[in-house]
Amino acid sequence: EGSADLIVRAGNAMSIGVATRVLPVQPGIFFNTATNEGAITIAGSGQLTSDNPPAAGEYISIYATGLGSVQPGASGLDETVIPAEVWIGGARAEVLYSGRAPGFVGLYQLNARVPAQTAPGTNAVSVVLGGVRSNEVRIRVR
C-alpha cells in the first residue's frame, strides 16, 4: 500500500500529477451496466449465466479486475497471492481457482461453485480479497 502520482498524457500535453492511493487489491467484477448482471459464465462453456442460469451446486466463472499479485500455482496457472472469497446470495461459495484468466493480461477469473442453499431467482455476487469487497453484481439462478 502506498501512493503514486497519476499523470494523464494526451499527445504532447500532460496534466499535473495528482497523488493517488495504491492498494494491493481493489477487486471489481465486470458487469452489464444496463442490468447489473455480472460477467459470469457457466464454467468451461463460455455461456453467460444471463442466458443460461446455473442451478445451485453448479460451477461458474466470474471475470474481474484488481485481484492483485499472482504466483505460479500447482495447476500451472497464475493464481492470486491473496486468497479470494466469493459470496453468492449471502452464502460463501467454494472457490476452486482465483487467478489470471488464461491467455489474458489484467483479466482475472474466479471459478466457484454456486452454494447448495442458493435460492432460485436473482442473487447478489461479490468477491472479497484481503478484507476488501468488490462491487455487487447480480446472477440469476434456476
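For the numbers below, each heavy atom of this structure counts, side chains included, while hydrogens, waters and symmetry mates do not. This one's a predicted model, so the numbers in the text were calculated from it and none came from an experiment.
- When only modelled atom types and interatomic distance are considered, Ser134 and Ser126 share no side-chain donor-acceptor pair under 3.5 Å.
- Side-chain contact, Asn111 with Ser61: a donor N or O sits under 3.5 Å from an acceptor N or O.
- The two residues Ala101 and Tyr63 come nearest to each other via the heavy atoms CB-CE2, 4.4 Å.
- Contact detail for Pro53 and Ile42: the closest heavy-atom pair is C-CD1, 4.4 Å.
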List the atom pairs, donor and acceptor, that lie under 3.5 Å between side-chain atoms in residues 14-21 and the rest of the protein, sequence neighbours left out.
from	atom 1	to	atom 2	distance (Å)
Ser15	OG	Val8	N	2.9
Thr20	OG1	Val18	O	3.1
Arg21	NE	Glu1	OE2	3.3
Arg21	NH2	Glu1	OE2	3.0

Tell me, with the steps shown, if Val128 and Trp87 meet side chain to side chain contact (heavy atoms under 4.5 Å, CB included).
CA-CA 8 Å; Val128 178; Trp87 292 84; 3.9 Å; yes

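- Classification of Arg138 and Glu136 as a salt-bridged pair holds, one side-chain N sitting under 4.0 Å from a carboxylate O.
- The backbone N or O of Tyr59 sits nowhere less than 3.5 Å from a side-chain atom of Arg113 that would complete a donor-acceptor pair.
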Verify side chain to side chain contact (heavy atoms under 4.5 Å, CB included) between Leu96 and Leu110, making sure each step is shown before the conclusion.
CA-CA 8 Å; Leu96 291 96; Leu110 300 108; over 6 Å; no

Output, in order, the C-alpha distance, side-chain angles, deciding distance and verdict of side chain to side chain contact (heavy atoms under 4.5 Å, CB included) for Thr65 and Leu107.
CA-CA 6 Å; Thr65 189; Leu107 177 64; over 6 Å; no

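- Residues Val127 and Pro27 come closest through the heavy atom pair O-CG, 4.2 Å.
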Would you list the atom pairs, donor with acceptor, under 3.5 Å between side chains in residues 69-78 and any protein atom, with sequence neighbours excluded?
from	atom 1	to	atom 2	distance (Å)
Ser75	OG	Leu77	N	3.2
Ser75	OG	Glu79	OE2	3.2
Asp78	OD2	Arg100	NH1	2.9

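- One finds no salt bridge joining Glu85 and Arg133 here, because no Lys/Arg side-chain nitrogen approaches an Asp/Glu carboxylate oxygen to under 4.0 Å.
- Atom CG of Leu129 is separated from atom CG of Leu67 by 5.0 Å, given to the nearest 0.5 angstrom.
- Without hydrogens or angle criteria, Asn123 side chain to Gly121 main chain gives a donor-acceptor distance under 3.5 Å.
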Using the side-chain hydrogen bond (donor to acceptor under 3.5 Å, both in side chains) rule, take Glu37 and Asn32 through it: C-alpha gap first, then chi angles, then the decisive distance, then the call.
CA-CA 5 Å; Glu37 289 182 324; Asn32 179 326; 5.7 Å; no

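- Between Pro54 and Val114, the shortest heavy-atom contact is CG-CG2, 4.2 Å.
- Within the 3.5 Å criterion, the main-chain N or O of Gln47 finds no donor-acceptor partner in the side chain of Asp51.
- Counting only heavy atoms from C-beta outward, the side chains of Pro102 and Gln109 approach each other to under 4.5 Å.
- Atoms OH and CD1, from Tyr97 and Ile62 in turn, are 13.5 Å apart once rounded to the nearest 0.5 Å.
- The minimum heavy-atom distance linking Ala56 with Val141 is given by the pair N-CG1, 3.9 Å.
- Between the CD1 atom in Ile40 and the CD1 atom in Ile139 there is a gap of 4.5 Å [rounded to 0.5 Å].
- To the nearest 0.5 Å, atoms CG (Leu48) and CD1 (Ile60) are separated by 12.0 Å.
- A pairwise comparison of heavy atoms in Thr118 and Pro115 identifies OG1-O, 2.8 Å as the closest pair.
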